[in-house]
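Here the structure is laid out as structure tokens; the discussion comes afterwards.
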Amino acid sequence: MTDSVGSRADLSSALGVDIGEELLELALTHRSYSYENGGVANNERLEFLGDSILGQAVTVMLYTENPDLDEGDLAKRRASLVSAVALAEVARTIGLGAHMRLGRGEELTGGREKSSILSDAVEAVIGAAYLSLGGDVATDLVLRLIRPLMDNPERFGAAMDPKTSLQELAARLGHGLPEYVVTDSGPDHLKRFTASVLLDGTPIATGHGSSKKQAEMAAALEAWTGLQPGA
């Protein structure tokens, strides 16, 4: 996280709430930063709290807004909306990665784009909002962050299962099956994967992640987005 007031103001603007400075900084402090800086507090406890608030807010929203859905469908939608993929999509939309406090190892291996780090940070920010501003504000924040995924069902579906969505879109556009080429770098405990997705033998997008699966999903979502009309 940078120390510029403008940067923090930009983040507050993107969130739509003004979380207390200390809590916001804590929410954006990854354990890698804590490890490399004398064990300062990290965002894992806030993440635990935010996960609970997120789940409750999404559950109530789905229940009240979808009276015709049965328990099974409600559970599937909730699982999708609170998944790491969905929350990472939210984080990228608001530029949360740029504000993270990361250790050098994570910084060098693309931690600001890792879905796991981003999704955990979203939950931590929700927890910080609860402690700083109260339950109602935290719930409103959850719904404001999540609703764009609900309001764009095609994008939402792609974010949840990007490889299947890309395959279906490629078929509709007359292409063959997408192919993935994955490389890795870094030591075993800090592996970084890069995936390239090819259509008809031509690379069209790349993605990064802390696992082969994450990298392929990131590449697939990037490719899906790039193939949209007007992209």
Side-chain angles (χ1 to χ4, degrees), residues 1-33 42-44 46-47 50-51 53-54 57-58 81-130 132-133 137-138 140-152 155-156 158-160 162 192 194 205-210 214-215 217-226 228 230-231:
M1 182 174 179
T2 68
D3 290 328
S4 86
V5 173
S7 176
R8 296 184 183 187
D10 289 344
L11 180 57
S12 294
S13 177
L15 292 170
V17 294
D18 191 12
I19 298 170
E21 181 65 28
E22 290 187 5
L23 279 170
L24 181 58
E25 184 169 285
L26 179 59
L28 299 173
T29 302
H30 187 253
R31 64 177 177 270
S32 62
Y33 182 93
N42 62 52
N43 64 5
E44 290 180 343
L46 283 177
E47 174 198 339
D51 176 69
I53 297 163
L54 169 71
V58 170
L81 286 171
V82 302
S83 71
V85 174
L87 295 182
E89 181 80 354
V90 167
R92 293 185 180 102
T93 298
I94 62 175
L96 192 61
H99 303 275
M100 294 294 300
R101 302 172 83 199
L102 301 176
R104 179 171 172 78
E106 286 293 353
E107 190 74 68
L108 293 175
T109 56
R112 296 186 188 281
E113 286 299 319
K114 288 184 181 179
S115 294
S116 58
I117 290 177
L118 292 176
S119 61
D120 290 348
V122 170
E123 291 179 336
V125 167
I126 292 168
Y130 177 87
S132 181
L133 303 166
V137 173
D140 288 343
L141 173 62
V142 169
L143 299 183
R144 189 164 57 253
L145 293 176
I146 293 296
R147 195 167 293 282
L149 291 175
M150 294 292 292
D151 292 343
N152 189 346
R155 174 74 179 182
F156 174 63
M160 296 307 99
R192 177 70 172 163
T194 299
T206 59
H208 307 282
S210 57
Q214 282 187 0
M217 290 176 66
L221 184 58
E222 183 70 19
W224 181 90
T225 301
Q228 297 304 303

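On a predicted model such as this, the values are computed, not experimentally measured, just so you know.
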Between the CG atom in Leu145 and the CG atom in Leu96, the distance rounded to the nearest 0.5 Å is 9.5 Å
Sequence neighbours excluded, the answer for salt bridge (charged side-chain N to carboxylate O under 4.0 Å, His left out) partners of Arg104 is none
Value for CG (Asp18) from OG (Ser12), rounded to nearest 0.5 Å, stands at 4.5 Å
Residues at least two apart in sequence or cross-chain that pass side-chain hydrogen bond (donor to acceptor under 3.5 Å, both in side chains) with Glu113, listed by chain then number, are Arg92
Practice item. For the pair Arg112 and Glu107, evaluate side chain to side chain contact (heavy atoms under 4.5 Å, CB included) and give the outcome as yes or no after the intermediate values. Key: CA-CA 7 Å; Arg112 296 186 188 281; Glu107 190 74 68; 2.7 Å; yes
Applying salt bridge (charged side-chain N to carboxylate O under 4.0 Å, His left out) to Arg31 and not counting sequence neighbours gives Glu44
Rounded to the nearest 0.5 angstrom, the CG-CG distance for Leu141 and Leu54 is 10.0 Å
The side-chain hydrogen bond (donor to acceptor under 3.5 Å, both in side chains) partners of Arg144 (sequence neighbours excluded) come to none
side-chain hydrogen bond (donor to acceptor under 3.5 Å, both in side chains) filter on Gln214, not counting sequence neighbours, yields Ser210
Ala218 meets the side-chain contact (heavy atoms from CB on, under 4.5 Å) criterion, sequence neighbours left out, with none
Contacts of Ser83 meeting side-chain contact (heavy atoms from CB on, under 4.5 Å) (sequence neighbours excluded), chain-then-number -> Val85, Ala86, Met160
Across all chains, not counting sequence neighbours, the salt bridge (charged side-chain N to carboxylate O under 4.0 Å, His left out) partners of Glu123 are none
Closest heavy-atom pair, Ala88 versus Ser119, reported as atoms and distance to 0.1 Å, is N-CB, 4.1 Å
Quick one: are Lys114 and Glu106 in side-chain contact, heavy atoms under 4.5 Å? yes
Between Ser132 and Gly20 the two heavy atoms that sit nearest each other are OG-N, 2.9 Å
Contacts of Thr29 meeting side-chain hydrogen bond (donor to acceptor under 3.5 Å, both in side chains) (sequence neighbours excluded), chain-then-number -> Arg101
Q | Side chains of Leu11 and Leu28 in contact at under 4.5 Å (non-hydrogen atoms) | A | yes
Output for pair (Ser116 OG, Leu118 CG), nearest 0.5 Å, gives 8.0 Å
Rounding to 0.5 Å, atoms CD (Glu89) and CG (Leu81) come to a distance of 12.0 Å
CG (Asn43) and CG (Leu24) are apart, to the nearest 0.5 Å, by 11.0 Å
Ala128 meets the side-chain contact (heavy atoms from CB on, under 4.5 Å) criterion, sequence neighbours left out, with Ile19, Leu23, Ala27, Leu46
Applying salt bridge (charged side-chain N to carboxylate O under 4.0 Å, His left out) to Glu22 and not counting sequence neighbours gives none
Check the surroundings of atom CD in Glu222: do more than 12 heavy atoms from other residues, nucleotides or ligands lie under 6.0 Å from it?
no
Heavy atoms of Ile117 and Gly111 approach each other most closely as CD1-O, 3.7 Å
Here the pair of heavy atoms bringing Leu102 nearest to Tyr33 is O-CD1, 3.6 Å
Shortest non-hydrogen pair, Val142 vs Ala57, comes out as CG1-CB, 3.7 Å
Exercise. Apply side chain to side chain contact (heavy atoms under 4.5 Å, CB included) to Ile146 and Leu87, showing your working.
Key: CA-CA 8 Å; Ile146 293 296; Leu87 295 182; 4.1 Å; yes
